[in-house]
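Along the sequence shown, residues carry numbers from 1.
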Amino acid sequence: MPLKIAFQGEPGAFSHSAAHALFPKGEAVPCLTFEDTLQAVRAGTADFGVVPVENSLYGRITDIYHLLPESGLFITGEHFLRIEMNLLGLPGATLKDIKSVQSLSVALGQCRKFIRKHKLKTINAIDTAGSAREIAEKGDKSVGAIASRFAAEVYGLDVIAPNIEDAAHNTTRFLVVSRDKKEAKAGGKGKVKTTFVFRVRNVPAALFKAMGGFATNGVNMTKLESYMIDGSFTATQFYADIEGHPSDRSVQLAFEELGFFTDHFHVLGVYPAGKMD
């Protein structure tokens, strides 16, 4: 039986595209929310989940930072997906036929130049994949959708104009999560990332001192995010990514020093680093 892969959104969503790239033979399990996606993995409805954690244009996906540490799941991989916006239409439709375009407001905003150049009317929708589905169902050649190439394949639409986004560097980083703790091997080929969360003790300069061990031991920290716990202004949790394996001596020393200044520390995953396009 094929692996079942959960993602948030409708079939054809960018998360679906990322899931397909990671598990091309997997069976897609669309979920309404991020909570539903993680729950599907936790409950065994899906073998893995693929969730977005940050975007190069819009920053972090806040919900994931709150949900993932409490999910009981483990990060087993990552994937960088180049977000390419395409004008989709019914089979046989041309750019001259398109008078209005429908998509998520964020996607419409990323294609302002193209929309303005072709004097298209915009229609705000809930998401990109849902827009592609609705265009296919309505059968109106004058209405197009902005979505992924994958959505075009899913709903039988034509790509009328490819790569119409204003910014060519739009990329989303996705994480693969699993019920099973499967860590990348130490000393293997390729870079390894370790993701963890921690809370510092209530002492002066605790965060500064906690971070010192990574600098002095030459461990590269690629991400550090903070967020409040339970809406409290005094309870802050930090989410961090580093390059390296917990068994590396430099990482061990950095974690030892971190331990002196924290009252909570939990590793979420040790996994192969994804490749940027």
Side-chain angles (χ1 to χ4, degrees), residues 2-31 33-34 36-38 40-41 46-65 67-69 71 73-86 106-107 110 127-129 147-151 153-154 163 165 167-185 188-196 220 222-223 225 239-245 267-277:
L3 293 172
K4 294 184 178 180
I5 315 302
F7 65 92
Q8 187 276 326
E10 292 198 37
F14 285 105
S15 291
H16 188 187
S17 182
H20 181 73
L22 286 159
F23 302 94
K25 294 183 180 180
E27 178 183 332
V29 181
C31 300
T33 66
F34 291 130
D36 293 340
T37 305
L38 298 178
V41 181
D47 298 290
F48 294 95
V50 176
V51 294
V53 67
E54 59 190 320
N55 176 267
S56 60
L57 289 179
Y58 295 95
R60 71 182 185 180
I61 313 298
T62 305
D63 287 352
I64 298 301
Y65 289 88
L67 295 170
L68 188 54
S71 69
L73 302 177
F74 300 95
I75 302 171
T76 60
E78 71 174 351
H79 178 70
F80 293 91
L81 179 69
R82 168 81 168 80
I83 304 299
E84 298 176 340
M85 300 295 180
N86 305 276
V106 171
Q110 291 175 7
D127 60 16
T128 57
S148 66
R149 284 181 177 272
F150 196 66
E153 295 176 14
V154 170
N163 303 94
E165 65 275 6
H169 60 80
N170 188 359
T171 301
T172 297
R173 178 186 175 219
F174 288 86
L175 297 177
V176 181
V177 295
S178 170
R179 290 184 306 282
D180 301 321
K181 185 178 181 180
K182 183 179 180 181
E183 295 187 347
K185 293 182 180 180
K189 294 182 179 179
K191 292 183 178 180
V192 170
K193 279 186 178 179
T194 298
T195 295
F196 56 96
N220 185 28
T222 58
K223 171 171 282 296
E225 295 277 358
Y239 176 108
D241 294 336
I242 60 170
E243 291 182 347
H245 194 284
V267 174
L268 296 177
V270 182
Y271 51 95
K275 295 182 179 179
M276 292 279 291
D277 289 337

- prompt: So which heavy atom on Val192 is nearest to which on Ala184, and how close?
  reply: CG2-CB, 4.1 Å
- prompt: Of the non-hydrogen atoms in Arg173 and Asp241, which two are nearest, and what is the gap between them?
  reply: NH1-OD2, 2.9 Å
message: With side chain to side chain contact (heavy atoms under 4.5 Å, CB included) as the criterion, how do Leu73 and Arg179 come out once you've worked through the C-alpha distance, each side chain's angles and the decisive distance to 0.1 Å?
response: CA-CA 5 Å; Leu73 302 177; Arg179 290 184 306 282; 4.0 Å; yes
Verdict with reasoning, Tyr58 to Val106, per side chain to side chain contact (heavy atoms under 4.5 Å, CB included): CA-CA 10 Å; Tyr58 295 95; Val106 171; 3.6 Å; yes
query: How are the rings of Phe150 and His16 set relative to one another: parallel (under 30°), tilted (30 to 60°) or perpendicular (over 60°)?
result: perpendicular
- prompt: Is there a side chain to side chain contact (heavy atoms under 4.5 Å, CB included) between Asp47 and Phe23 once you walk through the steps?
  reply: CA-CA 11 Å; Asp47 298 290; Phe23 302 94; over 6 Å; no
query: Got more than 12 heavy atoms from elsewhere within 6.0 Å of NZ, Lys223?
result: yes
message: To check you understand the geometry: which heavy-atom pair defines the closest contact between Ala107 and Thr128, and what is its length?
response: CB-CG2, 3.8 Å
field: Main-chain N/O of Leu57 paired to Asn55 side chain as donor or acceptor, under 3.5 Å
entry: yes
statement: Rounding to 0.5 Å, atoms OG1 (Thr195) and CD1 (Ile75) come to a distance of 4.0 Å
field: Main-chain N/O of Val270 paired to Glu183 side chain as donor or acceptor, under 3.5 Å
entry: no
message: Show, in sequence, the C-alpha distance, side-chain angles and deciding distance for Phe7 and His20, and conclude whether the side chain to side chain contact (heavy atoms under 4.5 Å, CB included) test is met.
response: CA-CA 10 Å; Phe7 65 92; His20 181 73; over 6 Å; no
Any donor-acceptor pair under 3.5 Å from Ser148 side chain to Gly12 backbone: yes
message: Are Pro69 and Leu268 packed together at the side-chain level, in the sense that at least one heavy-atom pair is separated by less than 4.5 angstrom?
response: yes
task: Identify the heavy atoms of Phe48 and Leu3 that sit nearest to each other, and give their distance.
output: CE1-CD1, 3.9 Å
- prompt: Are any side-chain N or O atoms of Ser56 and backbone N or O atoms of Thr171, one a donor and one an acceptor, separated by less than 3.5 Å?
  reply: yes
- prompt: Got Ile61 and Phe34 here, is their nearest side-chain heavy-atom distance under 4.5 Å?
  reply: yes
task: Specify the closest pair of heavy atoms between Ala21 and Pro24, including all atoms of both residues, with the distance to one decimal.
output: O-CD, 4.0 Å
message: Measuring only between side-chain heavy atoms, which start at C-beta, is Ile64 closer than 4.5 Å to Tyr239?
response: no
- prompt: If you look at every heavy atom in Asp127 and Glu10, which pair is closest and at what distance?
  reply: OD2-CG, 3.9 Å
message: I'd like to know if the side chain of Glu165 and the backbone of Met85 have a donor-acceptor N/O pair within less than 3.5 Å.
response: yes
- prompt: Would you say Ser17's side chain and Ala13's backbone share a donor-acceptor pair under 3.5 angstrom?
  reply: no
Test item: Phe14 and Thr172 side chains (from C-beta on) under 4.5 Å apart, heavy atoms: no
field: Main-chain N/O of Lys182 paired with Thr76 side-chain donor or acceptor, under 3.5 Å
entry: no
- line: To the nearest 0.5 Å, atom CD1 of Ile5 lies from atom OG1 of Thr37 at 12.0 Å
- prompt: Between CD of Glu54 and CZ of Arg60, what distance do you get to the nearest 0.5 Å?
  reply: 10.5 Å
message: Taking the side chain as everything from C-beta on, heavy atoms only, tell me whether Leu68 gets closer than 4.5 Å to Leu175.
response: yes
